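Below, chain A is the first sequence line, B the second, and so on; all start at residue 1. These figures come from a predicted structure and were not determined experimentally. Just so you know, these numbers use all the heavy atoms, side chains as well, and skip hydrogens, waters and symmetry mates.
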2 protein chains.
Amino acid sequence: MQKLTLKKIARELDVSISTVSKSLKDSPEISEDTKQKIKAFADLYNYRPNTIALSLKNRKTKTLGVIIPEIVHHFFTTVVSGIEKVANEKGYTVIIGLSNESFEKEVTNMEKLANGSIDGFILSVSRETQLKKDYHHLLETIDHGMPVVLFDRTIPEIECDKVVVDDTEGARNAVKKLLDAGCKNIALITTEAHVNVGELRTAGYKDALIESGKGFSEDLILKLKDEFNEEGMEDNLNTIIELFLRNNPQVDGIFAVNEKYALTAMKASRSLGKDIPRDIKVIGFTDGVLSKYATPSLTTVSQHGVQLGEKAAELLIRRLEEDDYEPPYQTVVVETRLIERESTSIT
Amino acid sequence: MQKLTLKKIARELDVSISTVSKSLKDSPEISEDTKQKIKAFADLYNYRPNTIALSLKNRKTKTLGVIIPEIVHHFFTTVVSGIEKVANEKGYTVIIGLSNESFEKEVTNMEKLANGSIDGFILSVSRETQLKKDYHHLLETIDHGMPVVLFDRTIPEIECDKVVVDDTEGARNAVKKLLDAGCKNIALITTEAHVNVGELRTAGYKDALIESGKGFSEDLILKLKDEFNEEGMEDNLNTIIELFLRNNPQVDGIFAVNEKYALTAMKASRSLGKDIPRDIKVIGFTDGVLSKYATPSLTTVSQHGVQLGEKAAELLIRRLEEDDYEPPYQTVVVETRLIERESTSIT
DNA sequence: TTGTATGCGTTATCAC
DNA sequence: GTGATAACGCATACAA
């Protein structure tokens, strides 16, 4: 039994297609009688209008395109679930594209979706895109009048709506917490400079230290190359962090820009015979699930991914439904919150 | 600058729409000259055919609908990434719908996508669907000629392609491992009966014990209600597992059907003063990330989600591209693998 | 009150 | 070699 269409109903009931269409929309033009008959039939056979045809006709799809660098990643799934929630509430569908941190995949994915499949984008750029600084695909889609909302890993040069975490502020608070807990030599474990959020968090780290009057030392900042984020590099990551800590035995506090770095730092500290939190206190910037279950559990700067996703979807949908899609663009900042756990408790 | 269409190109170059269409497909009907001119123009302005129009015309969308119960869940994201990989390779797009374990959301999501947006479904049913045993939405879509591939949480009564993990076998191996490691009283922590995979893993647990000649006791099987899977129920979960272990002090091995149960069991054991793995050895059925980072790290039955997703996508795409979409349906079983870590090491 | 015609963007068939 | 037309499924302005 194939899908029912207006045409088939019309043929079956021996009326015109427009009569069927109008009846199903309960148009006052049509007599109650015919409407009843048609509705009953449509109901019985469970008629549903074809979404694709509607999209073509209305020139809008009521679907949002979401492009993320990775899906096996707690933060991003968290954001997606926020997007999905708001989108569904407002009658939108969500299409997900993965860039897998590749510039090329990001571009092709966007191009594919941009050709009619979606009404607007929500995306977080891939690491490679940040590195190459090639944003033509973003500029072009915006130029074509398709709204784009960037989140988390955003790009200052691009004018569009954005939703970000208060990376700098969150990092500053984390470091302040370490200072308050009595740490004298706080190390930072971060990513290479081209990752936007890494930069911002680094700035927050420096800010807090400067404000405290101690200042910071580049020696205590460990910048890790992208390759350490890849699958199977765990041991190397561990080795390098351990070496860093061995060379800087004065370190008694660590702020890491993500969960993996934080946990690995805890592990490395332990293998150097340091107790956490007694000898070294640790805070990670993350929403991840590992933190809660770690031993000791890890104090984190929570990113509120769901909320971020919700905001992004709201922003995009508002753009789509505003009659005149025009700037000014806005940047919404989602606040972080320090979740204190065992790794910073005062002993 | 709005999106380019055939019509606009035609108007611009003062030729007919069909000439443009044919030129861009490099039809031999058209003179080289015109083709060159048109192609150059299209290239310059980066023409891409509208996907929606193509879908309507071809009556296929080259899009797969994926419905999962949850996205903030490592196993499911893992499956999605496998699906996405294969789909992209074969030129398909992926739309993700979330049921959030709700029957109603599963139904509405499916209905929405089924009306032209996608060519076929890959899905894992929600917990509520399993509970209600109401499968009309699945039966109807299959009846409408739309292929469906079920994965992980499948339904025996439904005839369609399926991809499953060898739950029973995986569980059996895990329990065997515990037996081999010297455990005499192995407990099972599982879900309520209506969850399909929980049942299968329970069967494997019983099998292994029966095969070993020891048999099993219902007293050592802890069945946890769904509510313990919800957010914020961690403490209650911990309490109930701790109580269970306190009442069964002879337990020296635990097999848990998921990661959360396994980790909570480890935690509860510790608070009872039992050392892991010395006093109690633990294995969890999971692909999760927590296991590797837990202290002690958790031995797991790995589910190979990526592979499962790949298989599901391959199966679906084959169905879609086979000329005559006909049974027989197949069920692909993805093997599990025991990943041994500290929680079962012999002391 | 009902039906006809048109268009959304594309391709395929057929006519010129 | 090029163009007009119909069709995919739907909605709607306009006729009847």
Would you say A:Tyr47 places a side-chain N or O within less than 4.0 Å of OP1 or OP2 belonging to D:dG9? no

Sorted by number, residues from residues 29-37 of chain A placing a heavy atom under 4.0 Å from DNA chain C are A:Glu29, A:Ile30, A:Ser31, A:Thr34

Would you kindly give the CD1-to-P distance between B:Ile52 and C:dG7, to the nearest whole Å? 21 Å

Please evaluate residues B:Lys112 and A:Thr93 with respect to the criterion side-chain hydrogen bond (donor to acceptor under 3.5 Å, both in side chains), reporting the C-alpha separation (whole Å), side-chain torsions for both, the decisive distance (0.1 Å), and the verdict. CA-CA 8 Å; B:Lys112 203 170 160 198; A:Thr93 305; 2.7 Å; yes

From CD1 of B:Ile17 over to P of D:dG1, roughly how many Å is that when rounded to an integer? 22 Å

Taking only side-chain nitrogens and oxygens of B:Thr19, does any of them come within less than 4.0 Å of OP1 or OP2 of D:dG3? yes

Of the non-hydrogen atoms in A:Ser126 and A:Ser99, which two are nearest, and what is the gap between them? CB-OG, 3.6 Å

Proximal nucleotide (of C:dC8, C:dT11, D:dG3) relative to the A:Lys57 side chain: C:dC8

To the nearest Å, give me how far apart NZ (B:Lys60) and P (D:dG9) are. 15 Å

With the side chain defined as heavy atoms from C-beta on, B:Lys25 is closest, among D:dT2, D:dG9, C:dT11, to C:dT11

Look at the side chain of A:Lys35 and the backbone N and O of A:Ser27, then say whether any donor-acceptor pair between them is shorter than 3.5 Å. yes

Taking only the side-chain heavy atoms of B:Val15 (C-beta and beyond), determine which of D:dG9, D:dG3, C:dT11 contains the nearest atom. D:dG3

Quick one: label A:Lys7 by what it contacts on the DNA or RNA (base, sugar-phosphate, nothing), any heavy atom closer than 4.0 Å. sugar-phosphate

Atom CG of B:Leu56 and atom C1' of D:dA6 are separated, to the nearest Å, by 13 Å

For A:Leu54, answer base if it contacts any base atom (sugar-phosphate contacts may also be present), sugar-phosphate if it contacts only those atoms, and nothing otherwise; contact means non-hydrogen atoms under 4.0 Å. sugar-phosphate

Got a donor-acceptor contact below 3.5 angstrom from the B:Lys311 side chain to the B:Val333 backbone? no

Can you tell me how far C1' of D:dG9 sits from CG of A:Asn58, to the nearest Å? 12 Å

Given atom NZ of B:Lys8 and atom P of C:dT10, what is their separation to the nearest angstrom? 9 Å

Between D:dA11 (P) and A:Asp26 (CG): distance, integer Å: 14 Å

At 4.0 Å (heavy atoms only), tell me whether A:Ser18 reaches a base, stays on the sugar-phosphate, or touches nothing. base

So if I take every side-chain heavy atom of B:Lys22 and compare against D:dT12, D:dG9, D:dT2, which nucleotide ends up nearest? D:dT2

Looking only at side-chain atoms of B:Thr5, point me to the closest of C:dT10, C:dT2, C:dT11. C:dT10

Heavy-atom nearest nucleotide on DNA chain D for A:Arg48 versus B:Pro28: which residue maps closer to 5'? B:Pro28

Applying side-chain contact (heavy atoms from CB on, under 4.5 Å) between B:Ile122 and each of B:Asp161, B:Leu316, B:Ile68, B:Leu315, report the one that passes. B:Leu316

For atom CG of B:Leu6 and atom P of D:dT2, their distance in whole Å: 16 Å

5' precedence on DNA chain D between B:Arg59 and B:Asp14 (nearest-nucleotide basis): B:Asp14

Can you name the closest pair of heavy atoms from A:Ile83 and A:Gly309 and give their distance? CG1-O, 3.4 Å

Set of residues satisfying ring-ring contact (aromatic ring centres under 6.0 Å, His included) with respect to B:Tyr92, sequence neighbours excluded: none

Nearest heavy-atom neighbours spanning B:Asn109 and B:Gly97: OD1-CA, 4.0 Å

